[in-house]
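Here the structure is laid out as structure tokens; the discussion comes afterwards.
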Amino acid sequence: MHRLSNEDKEIIKKVLDVKGYDPDTFDPKILDDMESNEEYKAIVHKYGNEILSSENYQMLKTFIQHGNVTVYEHCLHVTLCAIKLNYKLGIHARERELVRGALLHDYFLYDWHYADSPLNEHPKLHGFYHPGIALRNATKDFVLSEREKDIIRKHMWPMTVIPPRCREAWLVCLADKYASTLETLKLKKGKIKVEDYA
């Protein structure tokens, strides 16, 4: 892929240097606010409609990601977080690729909690291998740009060893960790209204 520009390097430094998280004052209502943000919803619909309406993508509603959060809900959380980070940090990422890559970042199409799931090729090493499986599935079902591929392939960095190569991939990498933490720690109360994104 391309070399990082100086502007990209500055943006990455800005994203990685996010400050202000205080576990004592943190309000999980932040995700609720993002889910109900009409501007963010419109962006998801504008760029993600093809993906969200596909039959295979709808299967993600049947697989659990963290706690009682489905892979579908998790991918929406990550997409909304990435959009918000893009705006709040002034990253100027390419919205179409950001949304599509975020929606597809966990498109592995199995429940990773079950070792005998047919597509779960590496049950004990899901964290390391699922980005490649998600990318393979996504390229079968959708036409992807190089940036979208980079988002999917590198969203688990540093577990993927090679870091993301574009600002969109850095945003999704950060958004994924943030959303996953909220879901794993069960800070998110209630469920995302998936019908708003159908």
Side-chain angles (χ1 to χ4, degrees), residues 11 14-109 111 134 138 142 147-148 151-152 155-156 164 167-198:
I11 286 168
K14 191 174 181 182
V15 168
L16 293 177
D17 197 31
V18 173
K19 291 185 174 52
Y21 172 74
D22 178 359
D24 295 327
T25 61
F26 179 74
D27 183 0
K29 191 172 166 294
I30 290 171
L31 266 179
D32 295 332
D33 293 342
M34 277 191 293
E35 290 169 11
S36 62
N37 184 305
E38 293 302 323
E39 185 180 2
Y40 296 173
K41 278 186 199 178
I43 293 167
V44 173
H45 282 293
K46 179 178 180 180
Y47 299 116
N49 212 32
E50 172 201 7
I51 293 167
L52 290 168
S53 61
S54 77
E55 193 174 321
N56 276 350
Y57 199 81
Q58 291 295 310
M59 288 173 46
L60 300 184
K61 292 177 179 176
T62 65
F63 307 128
I64 294 296
Q65 181 72 328
H66 306 117
N68 66 348
V69 177
T70 66
V71 176
Y72 185 94
E73 292 166 325
H74 168 72
C75 289
L76 282 174
H77 288 158
V78 171
T79 304
L80 294 166
C81 287
I83 292 168
K84 182 171 185 171
L85 285 170
N86 186 38
Y87 279 168
K88 295 295 183 185
L89 298 174
I91 305 297
H92 305 293
R94 297 178 185 183
E95 281 187 341
R96 181 181 192 275
E97 291 167 303
L98 181 68
V99 167
R100 288 170 55 84
L103 286 173
L104 292 167
H105 81 280
D106 276 344
Y107 191 60
F108 43 81
L109 301 173
D111 191 326
F142 306 99
R147 284 177 187 253
E148 290 162 354
I151 290 167
I152 298 165
H155 77 272
M156 286 298 288
R167 63 186 78 177
E168 295 80 7
W170 280 106
L171 281 170
V172 173
C173 184
L174 184 62
D176 182 49
K177 285 157 183 53
Y178 178 72
S180 296
T181 300
L182 291 179
E183 293 162 3
T184 302
L185 298 177
K186 300 187 187 301
L187 291 173
K188 171 79 172 97
K189 296 189 172 59
K191 300 278 274 175
I192 189 169
K193 293 178 182 158
V194 294
E195 59 274 7
D196 289 351
Y197 297 90

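- Between Glu50 and Tyr57, the side chains place no donor N or O within less than 3.5 Å of an acceptor N or O (distance only, hydrogens not considered).
- The side-chain heavy atoms of Ile51 and Phe142, taken from C-beta on, include a pair separated by under 4.5 Å.
- Taking CG of Leu104 as the reference point, atom CD1 of Ile152 lies at 4.5 Å (rounded to 0.5 Å).
- The nearest pair of heavy atoms linking His105 to Ala134 is O-CB, 3.6 Å.
- Here the CZ atom belonging to Arg94 is positioned 6.5 Å from the CD atom belonging to Glu168, to the nearest 0.5 angstrom.
- Arg100 and Glu97 are not joined by a salt bridge, as no carboxylate oxygen comes within less than 4.0 angstrom of a charged side-chain nitrogen.
- Between Tyr72 and Gln58 the shortest side-chain heavy-atom distance falls below 4.5 Å.
- Between Tyr47 and Leu103 there is no side-chain heavy-atom pair separated by less than 4.5 Å.
- Between Val78 and His155, the closest side-chain pair of non-hydrogen atoms is not below 4.5 Å.
- Here OG1 of Thr70 is found 11.0 Å from CG of Asp106. Values are rounded to the nearest 0.5 Å.
- Rounding to the nearest 0.5 Å gives a distance of 8.5 Å between CG of Asn37 and CD1 of Ile83.
- For the pair Glu148/Arg96, a side-chain contact is recorded, criterion being any heavy-atom separation below 4.5 Å from C-beta on.
- Distance check: Thr79 OG1 to Asp176 CG gives 10.0 Å after rounding to the nearest 0.5 Å.
- Here the closest heavy-atom approach between residue Asn86 and residue Ala93 is recorded as OD1-N, 2.9 Å.
- In terms of heavy atoms, Ala175 sits closest to Cys81 at CB-CB, 3.6 Å.
- Put simply, the side chain of Leu109 reaches to within 4.5 Å of the side chain of Leu60, judged on heavy atoms.
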Inset, instruction - Report the C-alpha separation of Leu52 and Leu76 in whole Å, then their side-chain angles, then the decisive distance to 0.1 Å, and conclude whether the side chain to side chain contact (heavy atoms under 4.5 Å, CB included) test is met. - result: CA-CA 10 Å; Leu52 290 168; Leu76 282 174; 4.2 Å; yes
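- Atom CZ of Arg147 is separated from atom CZ of Arg167 by 6.5 Å, given to the nearest 0.5 angstrom.
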Legend entry - side chain to side chain contact (heavy atoms under 4.5 Å, CB included) between Glu95 and Tyr87, worked out: CA-CA 10 Å; Glu95 281 187 341; Tyr87 279 168; 2.8 Å; yes
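- Contact between Val172 and Ala102 at its shortest, heavy atoms only, is CG2-CB, 3.8 Å.
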